[in-house]
Engineer: 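Pasting a structure here, questions to come.
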Amino acid sequence: MPGPRVRFAPSPTGFFHIGSARTALFNWLYARHTGGTFVLRIEDTDQARNSDEFLNVIYDSLRWLGLDWDEGPHAGGDFGPYRQSERAGIYREYLERLKAAGRTYEKDGALFFRISGEPQVIDDAVRGRVERLEEKDFVIFRSDGSPVFHFVNVVDDIAMRITHVIRGEDHLSNTSKHVELFKAFGEPLPTFAHLPLILKQSGPGKMSKRDQGALVEEYRRRAYLPEALVNFLCLLGWSPKDDREKMPMAEIIRLFDLPGINQSNARFDDKKLAHMNMVYLLEQAPERFAALARGFFTGLGPADPAAADALAASPDYFLAVMALSQPKVKAIEELPAYTRYFFTEDYPVDPKARETIFAKGDPRTRLAELAAAFSTADFSSDATLEQVLRDLAAAKALKIADYIHPGRLAVSGTSVGPSFFSIYRLIGRDKALRRIERFLGAPDRL
RNA sequence: GCCCUCAUCGUCUAACGGUUAGGACGGAGCCCUCUCAAGGCUCAAAUAGGGGUUCGAUUCCCCUUGAGGGCGCCA
């Protein structure tokens with residue numbers, strides 16, 4: 001495949017970090033924009049800190065985000081193997097080239113690279129000309145014989161014909177080491193593009209894996225939409241240069257380019273992410289919304305009667321409840337609490353809501369009237385229920401709101417929720433009347 | 001400490017050297033309305049400071065300050 005070759009080179013030493021995801025994303029975007037090749041390479045030279053579990057987290061997270069790789073583990077390619085732990089022979093070959101050039105020496109059992117002493121200059125695609133003098137020789141093979149990051153990173157970029165190195169700014173200062181190595185090998189420099197860092201939400205420093213919201217896994221667990229997370233991540237360090245924020249991926253791919261990347265670090269903002277996610281959630285087909293929600297109910301475990309009943313409910317009923325809630329909630333994770341009363345009689349009554357209702361006058365007479373009117377009403381549609389209530393309110397010279405507010409409290413225990421009529425329709429006549437009766441019998445206890 | 005990078009509302013960002021410095025999140029208020037969301041309207045909110053260059057600087061240059069990163073036999 002012609003065109004640029006970029007790579008994402010994670011180290012499986014922890015969970016998948018949001019900053020890593022953004023680096024992977026920008027590499028992927030550049031490959032897709034240019035018709036180039038996106039290579040996944042696993043940098044697992046530090047045996048002590050690696051595990052297959054972490055490896056699978058990387059694969060799963062990339063797939064979940066939709067960042068498919070053209071070459072790498074599972075995908076194959078002409079420049080494998082793609083795990084550095086399997087490339088020892090290649091590193092030995094390249095080491096010989098350095099030895100032959102007289103650029104190495106041994107000290108304390110480790111192999112050192114002899115620097116040139118000259119300042120190294122790169123023409124960074126986002127930062128422009130950057131010059132830095134590497135001042136000390138550095139280790140390229142440990143005393144146990146294993147190669148070090150700087151060495152394998154450069155060797156693999158050469159061997160895999162990487163044309164553009166797109167990575168975080170935390171590598172900018174290391175680049176002088178890398179340029180030294182490229183030159184020592186007699187190889188041309190790739191184009192470097194150093195991305196601004198993602199800073200932690202509050203407090204000093206860049207986002208680290210211990211920070212709240214730093215792991216991609218967390219958003220998957222919380223049933224965020226991957227396309228929302230990806231869209232949000234695109235906007236951390238890049239923009240279309242106009243007012244658009246929510247954009248289809250195809251459009252982002254079309255517009256994305258290296259010169260459009262910002263130079264300054266970006267602070268992570270979970271509120272804005274949550275908003276982006278909500279905007280995406282709102283436009284999902286009810287079936288997909290319900291499917292996401294269903295997984296979240298499962299996650300609650302069987303100990304919760306509401307969750308158990310939700311799972312036991314007919315698919316149609318569950319879908320209907322979720323469809324009603326979709327325009328109302330900001331996140332999937334709110335759903336179990338938000339819809340609890342649809343699935344169990346064991347739901348809490350908000351004391352503040354009850355207080356507000358009673359402060360406006362004892363609602364018991366109205367509730368009794370509502371129950372009487374609804375005892376013969378047609379529960380098959382919102383409209384028929386609404387007509388019955390309007391007739392009742394007109395007959396009593398009251399507003400429908402005078403019935404709706406206590407009526408909602410009686411069957412749901414809360415003052416917030418979907419349309420009153422939809423709630424009654426879905427709960428059904430029998431349960432609704434029973435709940436009103438129960439409320440009338442013990443309004444203080446409930 | 002040395003080196004590298006960066007600097008527009010609280011946050012993410014837009015603005016050929018000439019704009020009432022725009023949008024979004026968040027905040028406040030109003031409207032809509034059966035509540036809550038969503039939506040609509042409105043408000044508060046920024047060019048870090050100081051020097052230059054220029055008729056004119058958010059924009060170009062320098063200094064200061066601030067922020068971030070790197071200086072591992074981690075990646």
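All values below come from the heavy atoms of this structure, side chains included, with hydrogens, waters and symmetry mates left out.
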Engineer: Regarding Lys200(A) and the six-membered ring of Phe268(A), is the cationic atom NZ or CZ under 6.0 Å from the ring centre and inside 45° of its axis?
Structural biologist: no
Engineer: Any chance the rings of Tyr91(A) and Phe141(A) have centres within less than 6.0 Å?
Structural biologist: no
Engineer: Do Arg438(A) and Glu345(A) touch side chain to side chain, with heavy atoms closer than 4.5 Å?
Structural biologist: yes
Engineer: Using the closest heavy atom to pick a nucleotide of RNA chain B for each, name whichever of Lys330(A) or Ile400(A) lands nearer the 5' end.
Structural biologist: Lys330(A)
Engineer: Looking at every strand, decide which applies to Leu111(A) at a 4.0 Å heavy-atom threshold: base, sugar-phosphate, or nothing.
Structural biologist: nothing
Engineer: Looking at RNA chain B, which of residues 240-255 of chain A put a heavy atom within less than 4.0 Å of it?
Structural biologist: Lys241(A), Asp243(A), Glu245(A)
Engineer: Between the base of C12(B) and the side chain of Lys272(A), is there a donor and acceptor pair under 3.5 angstrom?
Structural biologist: yes
Engineer: Using atom P in both nucleotides, what's the gap between G23(B) and C9(B) to the nearest angstrom?
Structural biologist: 16 Å
Engineer: Give His194(A) one of three labels, base, sugar-phosphate or nothing, depending on what nucleic acid heavy atoms sit under 4.0 Å from its own.
Structural biologist: nothing
Engineer: Quick one: is Asn262(A) getting a side-chain N or O under 4.0 Å of the A7(B) phosphate, OP1 or OP2?
Structural biologist: no
Engineer: Using a heavy-atom cut-off of 4.0 Å across all strands, would you classify Ser239(A) as base, sugar-phosphate, or nothing?
Structural biologist: sugar-phosphate
Engineer: Using a cut-off of 4.0 Å on non-hydrogen atoms, how would the nucleic acid contact of Gly109(A) be classed: base, sugar-phosphate, or nothing?
Structural biologist: nothing
Engineer: Which of the following nucleotides, G69(B), C73(B), C4(B), is nearest to the side chain of Leu197(A)?
Structural biologist: G69(B)
Engineer: In this structure, how many angstroms lie between the P atom of C12(B) and the CD atom of Gln201(A), rounded?
Structural biologist: 11 Å
Engineer: Whole Å only: how far is the CD atom of Glu106(A) from the P atom of C73(B)?
Structural biologist: 15 Å
Engineer: Using the P atom on both, measure A57(B) against U19(B) and round to a whole Å.
Structural biologist: 11 Å
Engineer: In whole angstrom, give me the gap between the P atoms of C4(B) and A38(B).
Structural biologist: 48 Å
Engineer: Write down the partner of U35(B) under the Watson-Crick or G-U wobble criteria, each distance required to be under 3.5 Å.
Structural biologist: none
Engineer: Does Arg408(A) make a side-chain donor-acceptor contact with the base of C34(B), cut-off 3.5 Å?
Structural biologist: yes
Engineer: Between U11(B) and C73(B), how far apart are the two C1' atoms, rounded to whole Å?
Structural biologist: 41 Å
Engineer: Tell me which one of Phe185(A), Phe182(A), Phe113(A) satisfies ring pair (Phe, Tyr, Trp, His ring centres under 6.0 Å) with Tyr94(A).
Structural biologist: Phe185(A)
Engineer: Please report the distance separating the P of A44(B) from the corresponding atom of U65(B), rounded so that it comes out in whole Å.
Structural biologist: 35 Å
Engineer: Do Lys177(A) and Asp137(A) meet the salt-bridge criterion of a basic N to acidic O distance under 4.0 Å?
Structural biologist: no
Engineer: Search all heavy atoms of Tyr341(A) against all heavy atoms of Tyr338(A) and return the closest pair with its distance.
Structural biologist: CE2-O, 3.6 Å
Engineer: What is the nucleic acid contact for Glu169(A), judged by heavy atoms within less than 4.0 Å: base, sugar-phosphate only, or nothing?
Structural biologist: base
Engineer: Which whole number of Å gives the distance between the C1' atom of A28(B) and that of U5(B)?
Structural biologist: 38 Å
Engineer: Just checking Ser264(A): base, sugar-phosphate only, or nothing, at a heavy-atom cut-off of under 4.0 Å?
Structural biologist: sugar-phosphate
Engineer: Hey, are Arg244(A) and Glu251(A) close enough for a salt bridge, meaning a charged N less than 4.0 Å from a carboxylate O?
Structural biologist: yes
Engineer: Starting from C1' on G68(B), measure out to CZ on Arg127(A) and report it in whole angstrom.
Structural biologist: 10 Å
Engineer: By nearest atom, which of the nucleotides G70(B), C25(B), C73(B) is closest to the Asp269(A) side chain?
Structural biologist: C25(B)
Engineer: Before we go on, tell me: are the rings of Phe420(A) and Tyr424(A) under 6.0 Å apart, centre to centre?
Structural biologist: yes
Engineer: Just the rounded figure in Å: distance from P of G69(B) to CG of Asn174(A).
Structural biologist: 14 Å
Engineer: Which nucleotide, in any strand shown, forms a Watson-Crick or G-U wobble pair with G10(B), with both distances under 3.5 Å?
Structural biologist: C25(B)
Engineer: For Lys177(A) and G70(B), is the shortest distance between a side-chain N/O and OP1 or OP2 below 4.0 Å?
Structural biologist: no
Engineer: From C-beta outward on Leu235(A), which listed nucleotide comes closest to its side chain: C4(B), C12(B), C36(B)?
Structural biologist: C12(B)
Engineer: Whether the side chain of Lys328(A) and the base of U35(B) hold a donor-acceptor pair under 3.5 Å is what I'd like checked.
Structural biologist: yes
Engineer: Would you classify Ala110(A) as touching base, sugar-phosphate or nothing, given that sugar-phosphate means primed atoms plus P, OP1 and OP2, and contacts are heavy atoms under 4.0 Å?
Structural biologist: base
Engineer: Could you tell me whether the phosphate oxygens of A75(B), OP1 or OP2, come under 4.0 Å of any side-chain nitrogen or oxygen in Arg142(A)?
Structural biologist: yes
Engineer: Gly237(A) or Val279(A): which one's nearest nucleotide on RNA chain B is closer to the 5' end?
Structural biologist: Gly237(A)
Engineer: Ion pair present between Lys328(A) and Glu334(A), side-chain N to carboxylate O less than 4.0 angstrom?
Structural biologist: no
Engineer: With rounding to the closest Å, how many angstrom separate the C1' atoms on G56(B) and A45(B)?
Structural biologist: 27 Å
Engineer: Would you say a side-chain N or O of Ser419(A) is under 4.0 Å from OP1 or OP2 of C34(B)?
Structural biologist: no
Engineer: Expressed as a whole number of angstroms, how long is the span from Phe268(A):CZ to G26(B):P?
Structural biologist: 14 Å
Engineer: Could you check how far NZ of Lys399(A) sits from C1' of U35(B), rounded to whole Å?
Structural biologist: 13 Å
Engineer: Could you tell me the separation between the CG atom of Leu324(A) and the C1' atom of A38(B), rounded to a whole number of Å?
Structural biologist: 14 Å
Engineer: Quick one: which of G70(B), C36(B), C12(B) gets closest to the side chain of Val416(A)?
Structural biologist: C36(B)
Engineer: If you check every side-chain atom of Met278(A), which of A38(B), C3(B), A75(B) has the closest atom?
Structural biologist: A38(B)
Engineer: Aromatic contact between Phe26(A) and His164(A), with the criterion being ring centroids under 6.0 Å apart: yes or no?
Structural biologist: no
Engineer: Establish, yes or no, whether the cationic atom of Arg142(A) lies under 6.0 Å from the six-membered ring centre of Phe151(A) and within 45° of the ring axis.
Structural biologist: no
Engineer: Could you check whether Tyr30(A) and Phe256(A) have their ring centres less than 6.0 Å apart?
Structural biologist: no
Engineer: Could Glu180(A) and Arg103(A) be called an ion pair, given the rule that one side-chain N must be under 4.0 Å from one carboxylate O?
Structural biologist: yes
Engineer: Is the terminal nitrogen or CZ of Arg294(A) (NZ for Lys, CZ for Arg) located under 6.0 angstrom from the six-membered ring centre of Phe318(A) and within 45° of that ring's axis?
Structural biologist: yes
Engineer: Which whole number of Å gives the distance between the C1' atom of C16(B) and that of C6(B)?
Structural biologist: 24 Å
Engineer: For Glu131(A), which contact category applies under a 4.0 Å heavy-atom criterion: base, sugar-phosphate, or nothing?
Structural biologist: sugar-phosphate
Engineer: Given atom CZ of Phe141(A) and atom P of C74(B), what is their separation to the nearest angstrom?
Structural biologist: 14 Å
Engineer: Which one is paired to G18(B), where only Watson-Crick or G-U wobble pairs with both distances under 3.5 angstrom count?
Structural biologist: C55(B)
Engineer: Quick check on contacts: within residues 366-381 of chain A, what sits under 4.0 Å from RNA chain B by heavy-atom distance?
Structural biologist: none
Engineer: May I ask you to say what Pro10(A) touches in the nucleic acid, namely base, sugar-phosphate or nothing, with a heavy-atom cut-off under 4.0 Å?
Structural biologist: nothing
Engineer: Please give the nucleotide sitting opposite G1(B) as a Watson-Crick or G-U wobble pair, both distances under 3.5 Å, or none.
Structural biologist: C71(B)
